[in-house]
Amino acid sequence: MIDIRLAREDPEAVKTALARRGIDPAEVEALLRADAESRRLVGERDEGRARVKELSRQVGEARKAGESDRAAGLSTESRALGESLAALDTQAEAAQGDVRERLLWLPNLPDDEAPEGAAPEDNVEVRRWPAEPRVYAGHQRVPHWEVGAALGILDMERGAKLSGSMFPLFRGTGARLLRALTAFALDRHSDAFEEIRPPTIVRTETMVSTGHLPKFEEEAYHLERDDLWAIPTAEVPLTSMNRGEILDEADLPLRLTAATACFRREAGAAGRDTRGLLRVHEFDKVELFAYATRDQAPAVHADMVARVEALLQALDLEYRVLDLCTGDLGSSSARTFDLEVYAPGCDMWLEVSSVSWFRDYQARRANIRYRPEGGAPLFVDTLNGSALAWARIWAALVETYRRADGSLELPEVLAPYLGNRSVKPA
RNA sequence: GGAGGGAUGGCAGAGCGGACGAAUGCGAAGGUCUUGAAAACCUUUGGGACUCCGGUUCCCGUGGGUUCGAAUCCCACUCCCUCCGCCA
């Protein structure tokens with residue numbers, strides 16, 4: 001969440017920043033009114049409490065001095081005061097809850113550098129690799145769901161039999177390819193990132209910390225019986241790993257990586273991109289994650305983008321980097337670069353990574369701080385990026401690396417993980 | 001799933017319902033001493049909110065309750081440990 005103090009001190013700046021992503025300034029005004037009310041009530045209540053405490057202290061003194069009449073009188077007085085405070089206390093609690101609720105629903109302030117815009121069309125393409133657009137042959141113009149079915153490495157029908165549509169089932173070399181990609185990516189980042197294998201089913205509190213709840217409840221799978229949530233990304237457990245802790249500044253930037261399955265209901269996208277692996281309910285992904293100081297964050301962010309690009313280049317897939325405009329930015333993010341890979345078979349740019357800088361928006365929700373040299377604790381900045389989302393990479397690989405005879409010859413870098421780089425038609 | 005035990009500051013560990021945000025030890029920071037260091041000694045050493053910057057208030061796993069007053073008593077929940085059962 002954003003810093004309420006910033007909204008108090010410079011309401012116009014906050015309104016302007018949020019307006020860039022389409023938030024009505026009236027929401028900020030409502031927040032500030034709620035905040036003023038909350039502070040007034042809490043102040044009054046605390047004054048009352050101070051008097052009760054003082055009276056209670058005097059009761060003790062009177063008792064000790066053997067003045068039981070005086071003690072009884074003070075006791076009665078204190079009790080009456082305490083009772084009259086109950087309603088005020090309820091109001092103060094409610095007012096504080098109201099402020100917090102409003103803060104939880106408010107998105108992050110976009111970074112000044114984030115391009116202005118209302119919709120995905122306004123995202124700015126900052127880079128493309130290779131610089132010259134590639135030319136693809138006819139045999140590469142076959143969508144991956146056809147290639148996968150023909151080679152017996154993707155079985156969407158059986159996935160649907162087990163779990164419904166948009167739950168892919170990979171088999172044979174198709175399944176092994178996912179395992180290879182995960183090992184490959186994890187190995188490439190072991191120089192700076194500690195590998196984690198977190199739980200993929202988490203508490204409500206864990207989902208709230210990253211901003212996935214309460215706003216995006218519809219997007220997540222919920223296990224009602226145990227009130228647990230299936231994670232939509234490893235960002236969720238990784239962010240909360242140090243929830244409520246104060247980190248040593250010397251440990252920053254603290255970088256983590258994890259390979260997990262990710263679960264998404266895709267409730268808002270029903271009917272869109274439903275073919276093959278374009279949009280699925282469950283997919284594997286390697287995530288890069290970091291806690292950093294504000295000063296370190298830009299470099300960490302740039303490094304993550306560079307690492308993701310290096311993976312794509314190693315896989316030799318054509319891609320572009322988009323600087324997300326204010327209107328398309330994720331709710332918790334201040335600045336995001338999306339990486340989209342070109343899939344020649346379906347002739348689409350597929351988002352395979354989203355590298356975001358959240359400033360202290362998530363840390364504030366999750367209460368993650370660090371202690372600067374000799375100072376009071378500060379919230380950390382959190383950053384993360386996919387490296388990469390394998391279902392769509394799988395699709396792009398299968399289309400890009402299809403040969404004229406219908407077989408597949410996968411990239412050299414995967415050879416150590418894959419055993420056999422080529423897949424022949426059955 | 002069943003039976004017990006537990007949760008207090010960076011760590012360890014006290015804490016009779018009344019000056020307890022909390023003894024003591026360790027660790028850490030600063031200082032005295034020293035050529036330097038060690039030792040010794042002294043001082044400091046949790047976090048949040050509000051603030052008229054004097055203070056006020058909240059936090060002893062979490063949430064309720066009892067009481068004039070709760071770290072301390074009661075209830076529920078969560079987590080950890082031990083044992084039993086079950087299990088990949």
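All heavy atoms count here, side chains included; hydrogens, waters and symmetry mates do not. Order of the sequence lines sets the chain letters (A, B, ...), proteins ahead of strands, with each chain counted from 1.
Using the Watson-Crick or G-U wobble rule with both distances under 3.5 Å, B/U82 pairs with B/A3. Searching all strands for a Watson-Crick or G-U wobble partner of B/A28 with both distances below 3.5 Å returns B/U44. B/C33: no Watson-Crick or G-U partner with both key distances under 3.5 Å is found in any strand. Searching all strands for a Watson-Crick or G-U wobble partner of B/C87 with both distances below 3.5 Å returns nothing. Across all strands shown, B/A49 is found opposite B/U56 as a Watson-Crick or G-U wobble partner, with both distances under 3.5 Å. Using N1 to N3 plus N6-O4 or O6-N4 for Watson-Crick, or N1-O2 and O6-N3 for G-U wobble, each under 3.5 Å, B/G21 pairs with nothing. Pairing partner, B/A76: B/U62, with both Watson-Crick or wobble hydrogen-bond distances short of 3.5 Å.
Of all nucleotides listed (B/U57, B/A49, B/G47), B/G47 comes nearest to the side chain of A/Ile246. Checking B/U57, B/C68, B/A19 against the side-chain heavy atoms of A/Asp46 singles out B/U57 as nearest. When distances are taken from the side chain of A/Arg5 to each of B/A49, B/U57, B/G46, the shortest belongs to B/A49. Distances from the side chain of A/Ala50 to the nucleotides B/G47, B/C50, B/U56 place B/U56 closest.
The distance from the CG atom of A/Leu238 to the OG1 atom of A/Thr206 is 11.5 Å, given to the nearest 0.5 Å. Summarising the geometry, atom CG belonging to A/Leu414 is positioned 7.0 Å from atom CG belonging to A/Leu397; distances are rounded to the nearest 0.5 Å.
Between A/Val52 and A/Glu47, the residue anchored closer to the 5' end of RNA chain B is A/Glu47, taking for each the nucleotide with the nearest heavy atom.
Residue A/Ser78 is in sugar-phosphate contact alone, with no base atom involved, counting any heavy-atom pair closer than 4.0 Å across all strands shown. Among the atoms of the strands shown, base atoms are found under 4.0 Å from some heavy atom of A/Glu61. Here A/Val59 lies in heavy-atom contact (under 4.0 Å) with a base. Among the protein residues, A/Arg40 comes within range of no part of the nucleic acid, since none of its heavy atoms lies under 4.0 Å from any strand.
Taking atom P on both nucleotides, B/G61 is separated from B/A70 by 16 Å, rounded to a whole Å. B/A88 and B/G65 have their C1' atoms separated by 43 Å, with the value rounded to a whole Å. B/C16 and B/U43: their P atoms are spaced 27 Å apart (whole Å). Nucleotides B/A3 and B/U57 place their P atoms 43 Å apart, quoted to the nearest Å. Between the C1' atoms of B/U51 and B/C58, the separation comes to 15 Å (whole Å). Taking atom C1' on both nucleotides, B/A14 is separated from B/U8 by 10 Å, rounded to a whole Å. With C1' as the reference atom, B/C33 and B/A38 are 12 Å apart, rounded to whole Å. Look at the P atom in both B/A12 and B/G64: the space between them is 28 Å, to the nearest Å.
Contact annotation: A/Lys53 side-chain N/O to B/C58 OP1/OP2 distance is under 4.0 Å. For A/Arg51, no side-chain nitrogen or oxygen approaches OP1 or OP2 of B/C68 to under 4.0 Å. Side-chain N/O atoms of A/Arg364 include none lying less than 4.0 angstrom from OP1 or OP2 on B/G48. Distances shorter than 4.0 Å separate some side-chain N or O of A/Arg39 from OP1 or OP2 on B/U51. Residue A/Arg45 places none of its side-chain N or O atoms closer than 4.0 Å to OP1 or OP2 of B/C58. Distances shorter than 4.0 Å separate some side-chain N or O of A/Arg369 from OP1 or OP2 on B/G48.
No side-chain heavy atom of A/Arg369 sits under 4.5 Å from any side-chain heavy atom of A/Leu247.
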Using atom names, set out every protein N or O paired with an N or O of nucleotides 73-80 of chain B below 3.5 Å, distance rounded to 0.1 Å.
residue, atom, partner, partner atom, Å
B/U78, O3', A/Arg203, NH2, 3.4

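Here A/Asp35 does not pair with A/Arg102 in a salt bridge; the nearest charged N to carboxylate O distance is not below 4.0 Å.
Anti is the conformation of B/G30, whose glycosidic angle sits further than 90° from 0.
Rounding to whole angstrom units, CG of residue A/Asp248 and P of B/A28 are separated by 14 Å. Between the CZ atom of A/Arg49 and the C1' atom of B/C68 there is a distance of 15 Å, rounded to whole Å. When rounded to the nearest whole Å, the span between CD of A/Glu44 and C1' of B/C52 equals 16 Å. The nearest whole Å value for the distance from the CG atom in A/Leu55 to the P atom in B/A19 is 16 Å. Taking atom CD on A/Gln58 and atom C1' on B/U67, their separation rounds to 18 Å, with Å as the unit. Atom pair A/Asp89:CG and B/U57:P shows a separation of 14 Å (rounding to whole Å applied).
Screening A/Asp381, A/Leu383, A/Ile368 for a side chain to side chain contact (heavy atoms under 4.5 Å, CB included) with A/Tyr291, the sole residue that qualifies is A/Ile368. Screening A/Val142, A/Leu154, A/Val423 against A/Val147 for a side chain to side chain contact (heavy atoms under 4.5 Å, CB included) leaves a single residue, A/Val142.
Looking only at distances, a side-chain donor or acceptor of A/Thr326 sits under 3.5 Å from a matching main-chain atom of A/Arg20. Listed for the A/Ser333 side chain is no donor-acceptor partner under 3.5 Å among the backbone atoms of A/Leu329.
The list of side chain to side chain donor-acceptor pair (under 3.5 Å) pairs with a residue in residues 277-286 of chain A, not counting sequence neighbours, reads A/Tyr221-A/His281, A/Thr233-A/Lys285, A/Glu266-A/Arg279, A/Asp273-A/Arg279, A/Lys285-A/Glu287. Sorted by first then second residue, the ring-ring contact (aromatic ring centres under 6.0 Å, His included) pairs that include residues 16-70 of chain A, not counting sequence neighbours, number zero.
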Yes or no on side-chain contact (heavy atoms from CB on, under 4.5 Å) for A/Thr336 and A/Trp357, after CA distance, side-chain angles and deciding distance? CA-CA 6 Å; A/Thr336 295; A/Trp357 176 19; over 6 Å; no
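Within 3.5 Å, no donor on the side chain of A/Glu54 pairs with an acceptor on the base of B/A19, nor the reverse.
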